[in-house]
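In what follows, every chain begins at residue 1, and chains take the letters A, B, ... in the order their sequences are listed. Computed from a prediction, not measured in an experiment: that's the story for all the values here.
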Number of protein chains: 2
Amino acid sequence: MSAGRTARDRARTELTREIKDEARRQLADGGAGRLSLRAVARSLGMVSSALYRYYPSRDDLLTALIIDAYNALGAAAEQADDGPTPLARWHSACAAVRGWALANRYEYELIYGSPVPGYRAPQDTVAPAARVALVLIGIAAEAGVPDSELPPVVHAQSEAVRAVLPDDLPPGALARILLAWTQLFGMISFELFGQLVGSADPADEFFGYAVGRMAEFVGLTDRG
Amino acid sequence: MSAGRTARDRARTELTREIKDEARRQLADGGAGRLSLRAVARSLGMVSSALYRYYPSRDDLLTALIIDAYNALGAAAEQADDGPTPLARWHSACAAVRGWALANRYEYELIYGSPVPGYRAPQDTVAPAARVALVLIGIAAEAGVPDSELPPVVHAQSEAVRAVLPDDLPPGALARILLAWTQLFGMISFELFGQLVGSADPADEFFGYAVGRMAEFVGLTDRG
DNA sequence: ACAAAGATGAGAGCAGTGCTCTTGACAAGG
DNA sequence: CCTTGTCAAGAGCACTGCTCTCATCTTTGT
């Protein structure tokens, strides 16, 4: 559908976006649990029931925010995927993910925190959700990281993943990237959710250290 | 205070525990966001306002549940910390953590998911929260894992942590354990929160694989 | 050009929430 | 015995998501 032919269509798409924007703004103070349709409607000068014409339920509004968040994070990672060597790109991309998470705390929580109660993620979210992983995979693929031994089931799962990937990577490398991927988000979540207080907090240096060790683990070197 | 002298005291401590137990039960269907004081009171055959005599607010009840959850998880890890070699103990302890998380999904969410909106963890939670990390540290300490190079800030942070530890570990080892610790919970969170669907799901084998690589990374070998 | 059809915003209302305050009953200690 | 403090209950406040109805306004088909 285009930008909307009739005046009503234009008003509709615009209001839909305004509602989402206001919701994102309100997300910033209190997180998803505190997001209130009524408050969003109030801020927009309309009554809560009118809002249901644009988002059938609170969950639908959340879904829209979740997809946006995945895409924003993915875009940040893709944009930072730049540098003279694969290792530099790896560091840059990981730092961008962390930077986005720190700057957009509650949006990060929305996608990598505990699932919103009663909410079931629709299929629309899986493609945007994969973007960060694809960045890491792309870097490793261009660097040509080595294969490694895998348990049979993990090997099979890696093969299955490889089948749907644009880049070609040996299963052992894929499994290691998957591990690094969970490490990356595990560390960011711990930092954001206050689990590192008392140990590696502030976490800037520790994060860089960990990202470097993960690069080694995956097989990225500085030879470009 | 003892078990309570007067009949009133006994009734009070008992009801306090019953409320918590019922709340934990209700946690199992819907998570913290859906825990309702009124529903708990209803299940106990009392009116919601009466419940406030025992827990001044919803957050206080949540705090009690959080401390219990940390302790239950810590106890599970400590109990599983057993085996002929440090490597075996490492695998067993990590598997126990994952097992507890899978069996107590919503309690895990309570402590390692996104923080409950508006909730600020009191100091009482930090000691129970450290138990799992202490298990990992204990294993590495007894195995005598090697030191390794660290960036200066990370080195300083590791030294600060070491100062408050019962076991003695070189800073480089401590930093690697910290990294493995974030990896462990990152992986469990990803599995539980549905982030692995489409890649390493079911995650049993992948989890074992990852735990093994982390053991290598920390410096645990099979020589005992 | 005009009427039918459809989209929209407002309002009332339902069932639920956390939490507070008051009231009347009961047990404990002086 | 009688005061003091604890307790469960109930009413009530300010919220929440969501549904339904109704009047209005825009688009569309004739």
Nearest-angstrom distance from the residue atom [atom1] of [X] to [atom2] of [N]:
X: B:Leu51; N: C:dT17; atom1: CG; atom2: P; result: 13 Å
X: A:Leu15; N: C:dA10; atom1: CG; atom2: P; result: 10 Å
X: B:Asp60; N: C:dC19; atom1: CG; atom2: C1'; result: 13 Å
X: B:Ile19; N: C:dG18; atom1: CD1; atom2: P; result: 13 Å
X: B:Leu37; N: C:dG18; atom1: CG; atom2: P; result: 5 Å
X: B:Asp59; N: C:dT17; atom1: CG; atom2: P; result: 17 Å
X: B:Met46; N: D:dA9; atom1: CE; atom2: C1'; result: 10 Å
X: A:Asp9; N: C:dT8; atom1: CG; atom2: C1'; result: 13 Å

Stepwise, does the ring pair (Phe, Tyr, Trp, His ring centres under 6.0 Å) test hold for B:Phe185 with A:Phe190? CA-CA 9 Å; B:Phe185 285 100; A:Phe190 261 31; 5.7 Å; yes
Within a reach of under 6.0 Å around CD of A:Gln79, are more than 12 heavy atoms found that belong to other residues, nucleotides or ligands?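 It does not: A:Gln79 CD has 12 such atoms or fewer within range.
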A:Tyr70 six-ring face occupied by A:Arg131 cation (under 6.0 Å, within 45°):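 No - A:Arg131 does not lie over the ring of A:Tyr70 by the 6.0 Å and 45° rule.
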Pairing of B:Arg10 and B:Glu14 as salt bridge, 4.0 angstrom limit: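 Looking at B:Arg10 and B:Glu14, the cut-off is not met.
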Are B:Arg17 and B:Asp21 close enough for a salt bridge, meaning some N to O gap below 4.0 Å? yes
Donor-acceptor pair present, B:Arg38 side chain and C:dG16 base, under 3.5 Å: no
Should the side chain of A:Ser49 and the base of C:dG9 be counted as holding a donor-acceptor pair, with the cut-off at 3.5 Å? no
Taking OP1 and OP2 of [N], is either one under 4.0 Å from a side-chain nitrogen or oxygen of [X]?
X: A:Arg12; N: C:dT8; value: yes
X: A:Tyr54; N: C:dA7; value: no
X: B:Arg42; N: C:dT17; value: yes

Describe the nucleic acid contact of [X] in one word from base, sugar-phosphate, nothing, applying a heavy-atom distance below 4.0 Å.
X: A:Leu35; result: sugar-phosphate
X: A:Leu61; result: nothing
X: B:Leu44; result: nothing

Between B:Ser114 (side chain) and A:Ser114 (backbone), is there a donor-acceptor pair under 3.5 Å?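 Judged by distance alone, yes, a pair lies under 3.5 Å.
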Among [options], the nucleotide that comes nearest once only the side chain of [X] is considered:
X: B:Ser36; options: C:dC21, C:dT17, D:dT26; value: C:dT17
X: B:Arg58; options: C:dC19, D:dT26, D:dC7; value: C:dC19
X: B:Tyr52; options: C:dG18, D:dA8, D:dT27; value: C:dG18

For A:Arg53 and A:Ala39, find the nucleotide of DNA chain D closest to each by heavy atoms; which residue's nucleotide sits nearer the 5' end?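 The residue whose closest nucleotide sits nearer the 5' end is A:Ala39.
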For B:Ser48 and A:Ala7, take the nucleotide of DNA chain D holding the closest heavy atom to each; which residue's nucleotide lies nearer the 5' end? B:Ser48
